[in-house]
Chemist: 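My questions will all concern the structure given below.
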Amino acid sequence: MTTNAYKMKQVETTKSVFTIFTGLCKGCGLCIEKCPTKTLHWSDTLGVYGTPSVEPKENDNCTACGMCALVCPDCAIVIERKK
Amino acid sequence: MSVVPNMPKSWREETKPHKFCPGCGHGLVLKALGEAIDELAIQEKVVFGCDIGCSLLSWDFFNCDSVQTHHGRTTPVVTGVKRARPDRICIAYMGDGGGYAIGAQHLVNAAARNERITAILVNNCNYGMTGGQMAPTTLPGMKTQTSPYGRDTDSMGYPTQGPEMVAAIAREGAYVARGTVANVRQLKRYIKSALQNQIDGNGFSFVEALSGCPTNWSTNAQKTWEFIEKEMPQYFKVGEIKTPGKKGE
């Protein structure tokens, strides 16, 4: 399996590009609790185990701090700060 | 669409998503270990030994030489590898059952002999793979499958303080620390120091990582973090317990 085989979904927020690899996300929710601005919520897109994945909902709140990517045990989140 | 998952380079990507449960702390500890291996650029030299229990699910986790051993015997197997091939960087990866219950003798004696290996132990307060039974590290009053009324300290004692035990017996040159998955950057620093201690040939290095087990604790994400951040540090103090060149506390 190559990297590109993981299913993914991108959400653009005001300050960042949020990428969730739904092919890696198991829906544990650790990132939702660690998000300092509480902008991450459950998504309608399902993860690899058929459980909900996550996505930012209040787009202005994301500060691109990267805490969600840091605490993800599966490396399913990539945050890119907008220039 | 050129975004790729930000995995450590030493991870074996074909085996991802890995086999651990959703929210398992093993993923975070192995992420910290992978990043430490990357930063020290020792991937080609690492021999990774994993134990029985949940930790064995890491047998195909890294693009490194890996060996999976019997209950608690990771430490002596990895010690043997290190003695035969002193140029290798040997890592023993185990859970609290393998390290403090069945394999405590190996861990303690390896520390007493000051073997030049790195042991990483993941403490999640129960036996995860077999269904959440009481382990040596179960907190007083904590309910598990085999202590349904909570751990009674009169009959079952107090949780094992592993790093303190190892630090008490280890010689000068040993590195002993306790990290937590609630602070991944700090944990990575501890693991990196432990690996560096082995590279420098100072002596035994041991890192315990406080970790979560949402499946067997039956907790959601919020309760999992609460338990890791508030309950566990009451008994398990996070920090460096013994470092080379400094007197242990």
Side-chain angles (χ1 to χ4, degrees), chain A residues 1-13 16-36 38-43 45-55 64-82, chain B residues 1-35 38 54 57-58 61 122 124 180-188 209 211-215 217 219-230:
Chain A
M1 192 192 283
T2 58
T3 306
N4 296 328
Y6 296 123
K7 283 188 189 163
M8 60 188 278
K9 179 182 176 184
Q10 280 190 319
V11 180
E12 273 203 38
T13 67
S16 66
V17 180
F18 177 93
T19 310
I20 174 84
F21 290 90
T22 49
L24 289 170
C25 177
K26 293 174 180 166
C28 65
L30 294 184
C31 49
I32 295 181
E33 294 301 323
K34 276 287 184 180
C35 179
K38 300 286 167 217
T39 182
L40 275 180
H41 292 277
W42 295 114
S43 159
T45 315
L46 299 184
V48 64
Y49 285 172
T51 49
S53 65
V54 296
E55 66 183 22
C65 67
M67 186 53 104
C68 46
L70 183 73
V71 300
C72 179
D74 293 86
C75 297
I77 300 175
V78 173
I79 296 276
E80 284 170 299
R81 188 184 287 271
K82 279 188 187 168
Chain B
M1 299 293 268
S2 62
V3 185
V4 293
N6 191 17
M7 290 181 191
K9 281 190 202 67
S10 48
W11 277 24
R12 195 170 156 203
E13 215 178 306
E14 308 92 90
T15 62
K16 307 292 174 294
H18 52 63
K19 300 172 183 65
F20 297 108
C21 297
C24 179
H26 275 286
L28 284 167
V29 179
L30 290 164
K31 187 159 124 181
L33 175 60
E35 285 173 4
D38 286 354
C54 285
L57 296 174
S58 62
F61 207 92
V122 179
N124 61 5
T180 168
V181 295
N183 194 341
V184 183
R185 291 197 185 99
Q186 181 200 47
L187 177 65
K188 188 173 92 184
S211 155
C213 183
T215 304
W217 294 352
T219 49
N220 59 15
Q222 184 196 358
K223 296 260 174 60
T224 305
W225 281 126
E226 265 175 31
F227 197 87
I228 297 173
E229 289 172 348
K230 301 209 174 84

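Residue numbering restarts at 1 for every chain, and letters A, B, ... go by the order of the sequence lines.
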Chemist: Of the backbone (N, CA, C, O) and the side chain (C-beta and beyond), which part of A:A69 lies under 4.5 Å from a heavy atom of chain B, both, or neither?
Modeler: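 Backbone only.
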Chemist: Please identify each residue that fulfils ring pair (Phe, Tyr, Trp, His ring centres under 6.0 Å) with B:F61, with sequence neighbours left out.
Modeler: B:W11, B:H18
Chemist: On the six-membered ring of B:W217, is B:K223 placed so that its NZ or CZ lies under 6.0 angstrom from the centre and within 45° of the ring axis?
Modeler: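 That pair does not qualify as a cation-pi contact.
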Chemist: Below 4.5 Å from any heavy atom of chain B, which atoms of A:V71 appear? Answer side chain, backbone, both or neither.
Modeler: both
Chemist: B:C24, B:G27, B:A182: which one forms the most heavy-atom pairs within less than 4.5 Å of chain A?
Modeler: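 Maximum pair count with chain A is reached by B:G27.
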Chemist: Which bit of B:E229 comes within less than 4.5 Å of chain A, counting heavy atoms only: side chain, backbone, both or neither?
Modeler: side chain
Chemist: Under the side-chain contact (heavy atoms from CB on, under 4.5 Å) rule, collect the residues that match up with A:E55, sequence neighbours excluded.
Modeler: A:K9, A:V11, A:S43, A:K57
Chemist: Return yes if a side-chain donor-acceptor contact under 3.5 Å exists between B:N124 and B:S211, otherwise no.
Modeler: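 B:N124 vs B:S211: no donor-acceptor pair found between side chains.
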